[in-house]
Amino acid sequence: MLKKFLLTLSILSVGCATIAQEAKKDTSYWKKKTAFGANFNQASFNGAWSSVQGAKGSVGFNVFFNAKGEYNKGKVNWVNDLQMQYGLQDNGSGLRKTIDRVFFDTKLGNKISPKWLFIANLNFQSQFSKGYNYGAGADVTLPDGTTYKPDILVSNLFSPAYITESIGLEWKPSKVFNMSFAPGALRQTIVADNKIAFTKTGERYGVPDGKTIKNDVALMQIVATLDKDVAKNINLKARYALFIKYNDLAAMDNRLDAKFTAKVNKYISTTFDIIAMYFQDQSANLQVAQNLGIGLLYTFP
């Protein structure tokens, strides 16, 4: 496992350094796209509505930054993809996160046919700040006799974080879709904050209590990505990853990240995000998160 890890990093380091030097000489081989957006949402009700319907006002926002660069020269293909997103909402109970994502992927490929490449890939995923399961703790009684349920810390920066290294083959039938197959992919699960609540008895996201890192080896990792304009002014960017552990074939980790962006005009857009995942180390149930917003979008160049 260690040899494969070092081999992957060596290939990426040497290859990326070589390509970076070549790219300085001629930038025409690069295709770059950067997008920045800020979405807002707000709801308010008068006193009569609140008393009858039980509704509460809220205000929220989220910001995102996406940057992608693809280098093509001869048989060499190098793709770097950075995605960051963060959102907060206040409904009278204080600020709470609605979305929090850090994603970086770098993939170096060598074309062995018009639609197939040999690839080495490094992927990182985490979040920016603390996340809580609100009001989920055991009852706490204060000196004055009042009782409340405390919040439970469930995530933080690098808690968890996932780093995946892989070598394999990629099928790239078009500019908007690709699928990679990586037997023996390596994944490190990191939980740097030992105050995170246990997701299983004695474990935090699969990391045993007292440790900060867990290593997993995949019998096979499959990753499919799509970046396509599905209609006029509507773009779908999606990534699906399947990680099949060699020592537990029943524990197949699945994650889907999808983002629809509908441009109203040059600077106004509507976005809809959905994250669906099934990780046995986190939960026995399918986890789904959604976020809808309207706001500003700026793309360049």
Side-chain angles (χ1 to χ4, degrees), residues 27 30-46 49-50 53-72 79-105 123 125-129 131 172-179 223-241 255-277 286-301:
T27 60
W30 279 102
K31 181 180 179 182
K32 301 177 182 179
K33 182 179 180 181
T34 305
F36 171 79
N39 298 325
F40 305 90
N41 58 76
Q42 185 267 343
S44 62
F45 310 87
N46 66 10
W49 180 280
S50 297
Q53 306 291 342
K56 294 182 68 175
S58 65
V59 60
F61 76 96
N62 73 75
V63 294
F64 65 88
F65 177 83
N66 297 333
K68 184 175 182 179
E70 181 169 0
Y71 177 88
N72 282 287
V79 181
N80 293 284
D81 191 3
L82 173 66
Q83 301 175 35
M84 298 185 292
Q85 196 165 6
Y86 193 77
L88 293 170
Q89 186 173 29
D90 185 359
N91 64 357
S93 302
L95 287 173
R96 297 184 177 185
K97 287 198 303 183
T98 55
I99 195 164
D100 188 359
R101 181 172 184 247
V102 181
F103 173 96
F104 175 71
D105 190 90
N123 180 272
Q125 298 189 57
S126 188
Q127 57 281 314
F128 287 104
S129 65
K172 198 169 186 178
S174 70
K175 294 181 179 180
V176 300
F177 176 80
N178 62 74
M179 180 180 292
V223 177
T225 63
L226 176 70
D227 190 347
K228 179 178 175 61
D229 293 331
V230 294
K232 185 178 180 180
N233 295 328
I234 300 178
N235 176 264
L236 169 60
K237 187 181 181 70
R239 181 181 190 269
Y240 169 73
R255 175 163 178 152
L256 171 67
D257 295 87
K259 184 184 190 71
F260 286 91
T261 303
K263 296 190 69 173
V264 178
N265 57 37
K266 186 177 180 180
Y267 297 110
I268 304 296
S269 70
T270 298
T271 59
F272 176 69
D273 297 271
I274 183 168
I275 300 173
M277 59 183 180
L286 176 67
Q287 302 177 72
V288 180
Q290 302 176 38
N291 191 69
L292 175 67
I294 184 170
L296 303 175
L297 174 68
Y298 181 69
T299 60
F300 54 94

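Just so you know, these numbers use all the heavy atoms, side chains as well, and skip hydrogens, waters and symmetry mates.
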remark   = Closest non-hydrogen atoms of Ala38 and Val63, given as atom of the first, atom of the second and distance, are CB-CG1, 4.0 Å
Those residues that, when tested against Lys259, pass salt bridge (Lys or Arg N to Asp or Glu O under 4.0 Å) (two or more places apart) = Asp273
key: Test applied, side chain to side chain contact (heavy atoms under 4.5 Å, CB included); reference residue, Gln290; option that passes from Thr98, Ile275, Ile99, Ile274   = Ile274
query = For residues Tyr298 and Thr34, is any side-chain donor paired with an opposing acceptor at under 3.5 Å?
reply = no
query = Strictly by modelled atom types, are Asn235 and Asp227 linked by a side-chain donor-acceptor pair under 3.5 Å?
reply = yes
request  = Verify side chain to side chain contact (heavy atoms under 4.5 Å, CB included) between Thr271 and Phe64, making sure each step is shown before the conclusion.
outcome  = CA-CA 10 Å; Thr271 59; Phe64 65 88; 4.2 Å; yes
message = side chain to side chain contact (heavy atoms under 4.5 Å, CB included) for Asn72 and Lys31? Distances and angles first, verdict last.
response = CA-CA 8 Å; Asn72 282 287; Lys31 181 180 179 182; over 6 Å; no
task = Quick one: closest heavy-atom pair of Tyr86 and Ser129, and the distance?
result = OH-OG, 2.8 Å
request  = Could you tell me whether the side chain of Phe272 reaches within less than 4.5 Å of the side chain of Thr261, counting heavy atoms only?
outcome  = no
query = What distance separates Trp30 CH2 from Tyr71 OH, expressed to the nearest 0.5 Å?
reply = 8.0 Å
inquiry  = Once rounded to the nearest 0.5 Å, what's the spacing between atom CG of Asn233 and atom CG of Asn265?
reply    = 9.5 Å
ask   = Could you give the distance from NZ (Lys228) to CD1 (Ile234), rounded to the nearest 0.5 Å?
value = 12.5 Å
key: Any side-chain heavy-atom pair of Phe103 and Asn123 under 4.5 Å   = yes
inquiry  = Please evaluate residues Asn62 and Lys97 with respect to the criterion side chain to side chain contact (heavy atoms under 4.5 Å, CB included), reporting the C-alpha separation (whole Å), side-chain torsions for both, the decisive distance (0.1 Å), and the verdict.
reply    = CA-CA 9 Å; Asn62 73 75; Lys97 287 198 303 183; over 6 Å; no
Nearest non-hydrogen partners of Ala258 and Leu236, listed with the distance = CB-CD1, 4.3 Å
task = Heavy atoms only: give me the nearest Gly295-Asn39 pair and the separation to one decimal.
result = N-OD1, 3.3 Å
request  = Work out which heavy atom in Met277 is nearest to a heavy atom in Leu286; give both atom names and the distance.
outcome  = O-CD1, 3.5 Å
key: Distance (rounded to the nearest 0.5 Å) between Glu70 CD and Lys32 NZ   = 13.0 Å
message = Could you tell me if the side chain of Phe260 sits less than 4.5 Å from the side chain of Thr270, heavy atoms only?
response = no
Point-to-point distance, once rounded to the nearest 0.5 Å, from CZ of Arg239 to OG1 of Thr225 = 8.0 Å
message = For Asp257, give me all partners under salt bridge (Lys or Arg N to Asp or Glu O under 4.0 Å), at least two apart in sequence or on another chain.
response = Arg101, Arg255
ask   = Taking all atoms of both residues into account, what is the closest heavy-atom pair of Met179 and Ala224, and its distance?
value = CE-CB, 3.9 Å
inquiry  = Please enumerate all residues that pass side chain to side chain donor-acceptor pair (under 3.5 Å) together with Tyr267, with sequence neighbours excluded.
reply    = none
note = Rounded to the nearest 0.5 angstrom, the CD-CD distance for Gln83 and Gln125 is 9.0 Å
message = For a side chain to side chain contact (heavy atoms under 4.5 Å, CB included) check, start with the C-alpha distance between Leu226 and Tyr240, then their side-chain angles and the critical distance, and finish with the verdict.
response = CA-CA 9 Å; Leu226 176 70; Tyr240 169 73; over 6 Å; no
ask   = Are Lys68 and Asp105 close enough that some pair of their side-chain heavy atoms sits under 4.5 Å apart?
value = no
